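All figures in this text were calculated on a predicted structure; none of them were measured in a lab. Just so we're on the same page: letters track the sequence lines, and every chain starts at 1.
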Amino acid sequence: MNHGELATSLLAWYDKSAREMPWRVGPAQRKAGIKPDPYRIWLSEVMLQQTTVAAVKKYFERFTSLWPTVNDLAAAPDDQVMGEWAGLGYYARARNLLKCARVVATDHGGIFPQDRKTLLSLPGIGPYTAASVASIAFDLPETVVDGNVERVMSRLHNVHDPLPLSKPQLTDLATRTTPKKRAGDYAQAIMDLGATICTPKSPACGICPWFAPCIARTKGTAAELPKKVAKPVKPTRKGFAYIARTPSKAWILERRPEKGLLGGMLGWPGSQWATEAQHEPPFDADWTELGEIKHTFTHFHLFLRVMVASDIQNISESHITLGANEFKSSDLPTVMRKVFDIAQPNFTD
DNA sequence: TAAGCGTGGTA
DNA sequence: TTACCAAGCTT
């Protein structure tokens with residue numbers, strides 16, 4: 001089966017089984033002349049970076065409700081955007097999302113550039129997202145290469161070289177299969193295929209539109225591809241988190257530095273996170289230990305002992321105080337929300 | 001260039 | 001319970 005036939009058979013499958021998503025313009029709608037909104041495509045693609053469709057849906061609805069256009073988002077306050085992103089993870093995405101929105105609003109008159117190279121120059125847009133916006137939003141024949149495409153290509157061509165070493169080869173194979181027409185539908189089709197049929201474990205080869213041409217299926221190696229370089233074991237770190245309020249019942253928090261872990265997010269004052277936990281309170285108080293939370297980040301496990309105190313007056317300038325009307329635990333990154341959930345019963349009024 | 005960067009679902 | 005995994009980008 002040649003590349004043209006591969007694309008044709010995949011598009012035929014997509015025409016009848018495309019999944020519905022809040023940001024998606026389906027194949028029937030496209031044929032009726034409906035074009036996607038580039039802002040919504042870009043926003044969804046940034047949210048979908050390393051994140052499941054199920055997790056993204058609520059955030060996408062919330063963001064587009066609050067900010068229907070890129071100009072609206074560009075005008076939003078940083079703190080509000082970070083708070084709305086809380087829980088979705090990879091917070092550099094939110095910071096770059098705002099930067100990108102402001103570049104598009106200011107330098108491009110609120111109109112997204114269409115070509116892949118200009119898109120690639122924008123904050124938070126890398127090779128995958130540039131190709132996905134160009135193809136899905138503008139129907140340009142660019143090739144998306146995400147984890148799904150890597151997996152599908154490695155199986156279709158029975159590539160046993162491990163990722164990420166094999167990525168250039170898989171990218172080349174994907175590029176040769178991308179059709180000049182209906183590139184947007186094709187990009188979504190191949191990712192749908194990876195997400196629903198050519199899954200990491202137990203692929204459903206029996207109902208795959210590429211059953212016949214798939215070499216790994218023929219050889220019986222589909223489920224073991226793609227090979228990946230083994231990842232190192234995650235180390236464990238420990239620390240303390242400190243929750244307290246002022247006499248007027250305002251919560252005492254801090255804004256984390258822009259760069260690094262949970263950059264730009266709200267958090268509770270805490271100790272260093274190290275091999276052994278060290279009690280390093282942010283201010284003198286009668287601290288009580290309430291319990292411990294466990295949280296796993298991309299590259300380490302964390303145990304935090306939750307300490308509480310009341311009626312704190314000696315606040316430093318590095319702290320942020322938020323009254324009951326201003327503070328929402330949903331503005332916190334998940335690890336900090338876990339800490340709050342332990343402490344909250346101790347603060348009844 | 002390889003490491004740093006979240007979270008929730010799943011087996 | 002742990003390890004793996006998901007529509008990656010930045011430095």
> Just checking A/Lys294: base, sugar-phosphate only, or nothing, at a heavy-atom cut-off of under 4.0 Å?
Replying inline: sugar-phosphate
> So which of residues 194-210 of chain A are in contact with DNA chain C, with a heavy-atom cut-off of under 4.0 Å?
Replying inline: A/Pro200
> Rounded to the nearest Å, what distance is computed from the CG atom of residue A/Leu332 to the P atom of nucleotide B/dT7?
Replying inline: 11 Å
> Which nucleotide in the list B/dG6, B/dT7, C/dC9 gets nearest to the side chain of A/Tyr128?
Replying inline: C/dC9
> Can the ring centroids of A/Tyr242 and A/Trp268 be said to lie less than 6.0 angstrom from one another?
Replying inline: no
> Want to settle it: does A/Pro232 or A/Pro123 sit nearer the 5' end of DNA chain C, counting the closest nucleotide to each?
Replying inline: A/Pro232
>> Distance check, P atoms only: C/dT11 and B/dG6, in whole angstrom units.
In response: 14 Å
>> If you only use heavy atoms from C-beta on, which nucleotide in C/dC9, B/dG4, B/dG6 is closest to the side chain of A/Gln49?
In response: C/dC9
> What does A/Arg151 touch in the nucleic acid at a heavy-atom separation under 4.0 angstrom: a base, only the sugar-phosphate, or nothing?
Replying inline: sugar-phosphate
> Under a single-linkage definition using a 4.5 Å side-chain heavy-atom cutoff for Ile, Leu, Val, Met, Phe, Trp and Tyr, are A/Leu332 and A/Leu302 assigned to the same hydrophobic cluster?
Replying inline: yes
> Do A/His295 and A/Phe300 make the cut of ring centroids closer than 6.0 angstrom?
Replying inline: no
> So, for A/Phe340 and A/Phe327, is the gap between ring centers shorter than 6.0 Å?
Replying inline: yes
> Within the structure, does a side-chain N or O atom of A/Thr129 lie under 4.0 Å from either OP1 or OP2 of C/dC9?
Replying inline: yes
> If only side-chain N and O atoms of A/Thr334 are considered, is one of them under 4.0 Å from the OP1 or OP2 phosphate oxygen of B/dT7?
Replying inline: yes
> In whole Å, what is the span from the CE atom of A/Met82 to the C1' atom of B/dG6?
Replying inline: 12 Å
>> Over all strands shown, is A/Met21 touching base, sugar-phosphate only, or nothing at heavy-atom distances under 4.0 angstrom?
In response: base
> Say you draw a straight line from CD of A/Gln278 to CH2 of A/Trp273; how long is it, rounded to the nearest 0.5 Å?
Replying inline: 15.5 Å
>> Rounded at 0.5 Å granularity, tell me how far CZ in A/Arg95 sits from NZ in A/Lys259.
In response: 9.0 Å
>> If I take atom CG in residue A/Leu119 and atom P in nucleotide C/dC9, what distance separates them, rounded to the nearest angstrom?
In response: 12 Å
>> Which nucleotide wins on minimum distance to the side chain of A/His301, given the candidates C/dA3, B/dG6, B/dT7?
In response: C/dA3
> Between the side-chain atoms of A/Thr51 and the base atoms of B/dG8, is any donor-acceptor pair under 3.5 Å?
Replying inline: no
> Whole Å only: how far is the CZ atom of A/Phe297 from the C1' atom of B/dG4?
Replying inline: 12 Å
> Taking only N and O in the side chain of A/His299, is any of them less than 4.0 Å away from OP1 or OP2 of B/dC5?
Replying inline: yes
> When all nucleic acid strands are considered with a 4.0 Å heavy-atom cut-off, which category describes A/Lys228: base, sugar-phosphate, or nothing?
Replying inline: sugar-phosphate
> Distance check: side-chain N/O of A/Tyr90 vs OP1/OP2 of C/dA6, anything under 4.0 Å?
Replying inline: no
> Across the strands shown, which category fits A/Gly263 at heavy-atom distances under 4.0 angstrom: base, sugar-phosphate, nothing?
Replying inline: nothing
>> Taking the nucleotide of DNA chain C with the nearest heavy atom to each, does A/Asn96 or A/Leu48 sit closer to the 5' end?
In response: A/Leu48
> Counting side-chain heavy atoms from CB outward, which of B/dG8, C/dG8, B/dT7 is closest to A/Arg337?
Replying inline: B/dG8
> Just how far, in rounded Å, is C1' of C/dA6 from CE of A/Met47?
Replying inline: 16 Å
> Whole Å only: how far is the CZ atom of A/Arg256 from the C1' atom of B/dC5?
Replying inline: 12 Å
>> Rounding to an integer number of Å, can you tell me how far A/Glu258 CD sits from B/dC5 C1'?
In response: 15 Å
>> Check for me, please, whether A/Leu193 and A/Leu156 land in the same ILVMFWY cluster - side-chain distances under 4.5 Å, paths through other members count.
In response: yes
>> Just to be sure I understand the rule, does A/Val144 reach a base, reach only the sugar-phosphate, or reach nothing, if contact means heavy atoms closer than 4.0 Å?
In response: nothing
> Is A/Arg245 close enough and on-axis enough to A/Trp251, meaning under 6.0 Å and within 45°, for cation-pi?
Replying inline: yes
> Just checking A/Leu88: base, sugar-phosphate only, or nothing, at a heavy-atom cut-off of under 4.0 Å?
Replying inline: base
> Hey, mind stepping through A/Phe63 and A/Trp85 against ring pair (Phe, Tyr, Trp, His ring centres under 6.0 Å) and telling me if it holds?
Replying inline: CA-CA 9 Å; A/Phe63 269 65; A/Trp85 196 277; 5.7 Å; yes
> Is the distance from OP1 or OP2 of B/dT7 to the nearest side-chain N or O of A/His295 less than 4.0 Å?
Replying inline: yes
>> Could you tell me how far apart A/Lys231 (NZ) and B/dG4 (C1') are, to the nearest whole angstrom?
In response: 13 Å
